[in-house]
Amino acid sequence: MSTPRPDLAPGSGLSREEMEDLQREIASVAVFDDEFAFDPDALSNPLATTASTGDPPVVVGVDQSFLTNEDGDQDRALSAVLAMRGGEVVERVYAVTPLEIPYIPGLLSFREGGPILAALEELSVDPDLLLFDGSGRIHFRQAGIATHMGVVRDVPSIGVAKSLLCGTPRADTDDLPEGSTIAIESNSRVDAPDGTLVGYAVQTRQYDSPNQYINPLYVSSGHRVGPETAAEIVLELASSYKLPEPVRLADQYADEAKRELTE
DNA sequence: GCGACAG
DNA sequence: ATCTTGTCGC
């Protein structure tokens with residue numbers, strides 16, 4: 001049985017090497033297998049129940065937008081979290097915090113993790129599952145933002161990225177049929193034995209006939225969710241649009257909240 | 001040195 | 001991520 005690890009939260013004054021060491025530690029305690037009590041096939045079912053509360057499980061989508069300074073510099077991150085239960089939005093909150101470091105591939109959680117944890121603190125409902133815009137195990141040190149946040153809070157989490165950070169698809173991922181998945185395995189850029197299954201390319205939506213293609217999503221385990229289950233959950237939650245509904249709506253809310261503060 | 005690089 | 005209206009195609 002695992003436990004929250006606030007001691008592994010992204011710090012601000014860390015050197016690059018210290019951040020990478022922390023990621024290796026996070027990966028070592030992360031659980032890349034199913035370890036949760038709800039029914040993954042009924043996340044949008046109003047009648048589903050969770051072992052703990054008796055209500056449908058709470059799925060939370062997380063996304064960020066950025067606020068610019070009077071000089072034109074991005075100086076603050078706005079993290080929006082949106083909670084759904086039984087297919088309905090039950091709560092949405094956001095937090096704004098100063099940006100500490102620039103965007104560096106592989107170190108995303110040290111830029112956006114602080115504001116995300118702050119926003120999650122504002123939530124009154126208890127999340128059963130966290131969905132992130134970004135990678136989980138598909139990461140150089142197997143500790144993308146979904147893994148980092150999932151481990152710190154000890155909540156099951158999934159990474160949903162729109163492009164591939166590292167790893168190699170086991171087959172062509174062009175023009176996949178809707179509902180299909182292609183395994184992503186580790187390559188030399190991933191700190192894992194070559195060929196390790198780290199995630200799936202997931203085609204949630206696709207056009208029927210024309211010469212127009214939709215790219216797949218790259219789904220990976222964050223914490224306490226296995227790769228196959230993660231792919232299944234994303235397919236189930238993305239019945240109307242490419243992105244799973246909690247993430248799509250959090251994305252929308254992050255922009256909406258930004259306008260309120262800007263205009 | 002060269003290439004790769006979530007948001 | 002972000003700057004952003006109209007517009008091509010089903």
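Letters A, B, ... mirror the listed sequences (proteins, then strands); counts begin at 1.
In this structure, A:Ile138 reaches neither bases nor backbone, as no heavy-atom distance under 4.0 Å exists between it and the strands shown. Here A:Gly106 lies in heavy-atom contact (under 4.0 Å) with a base. Nucleic acid contact class of A:Ser135 (heavy atoms, under 4.0 Å, all strands): base. Residue contacts shown for A:Thr68 are absent, as no nucleic acid heavy atom lies under 4.0 Å away. Within the nucleic acid shown, A:Leu107 comes within 4.0 Å of at least one base atom, counting heavy atoms only. Residue-level contact check: A:Tyr103 touches the bases, meaning some heavy atom is under 4.0 Å from a base atom.
The CG-P distance, from A:Leu165 to B:dG3, rounds to 19 Å in whole Å. Between the P atom of C:dT2 and the CD atom of A:Glu112 lies a distance of 10 Å, rounded to the nearest Å. Counting to the nearest Å, the P atom of C:dT4 and the CG atom of A:Asp255 are 14 Å from each other. Whole-Å rounding puts the A:Ile184 CD1 to B:dC5 C1' distance at 16 Å. When the P atom of C:dA1 is taken as reference, atom CD1 of A:Ile104 falls 18 Å away, rounded to whole Å. One interatomic measurement links the two molecules: CZ of A:Arg141 to C1' of B:dC5, which rounds to 12 Å at whole-angstrom precision. The distance from atom CG of A:Leu243 to atom C1' of B:dG7 is 13 Å, rounded to the nearest whole Å. For the pair A:Phe110 CZ and B:dA6 P, the computed distance is 17 Å after rounding to whole Å.
Cation-pi geometry between A:Arg170 and A:Tyr200 is not satisfied (NZ or CZ under 6.0 Å from the ring centre, within 45° of the ring normal).
Note that the CG atom of A:Leu107 and the CD1 atom of A:Ile145 stand 11.0 Å from one another [nearest 0.5 Å].
With A:Met84 as the partner, the side-chain contact (heavy atoms from CB on, under 4.5 Å) test is satisfied by one option alone out of A:Leu249, A:Val58, A:Leu131, A:Val125: A:Leu249.
You'll find that the side chain of A:Arg189 is closest to B:dA4, out of C:dA1, B:dA4, B:dA6.
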*Watson-Crick or G-U pairs under 3.5 Å in DNA chain C, rendered as dot-bracket with [ ] for crossing pairs and | for another strand*: ..........
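Residues A:His223 and A:Phe32 keep their aromatic ring centres 6.0 Å or farther apart.
More than 12 heavy atoms of other residues, nucleotides or ligands sit less than 6.0 Å from atom CD of A:Glu260.
Between A:Lys258 and A:Gln212, it is A:Lys258 whose nearest contact on DNA chain C lies nearer the 5' terminus.
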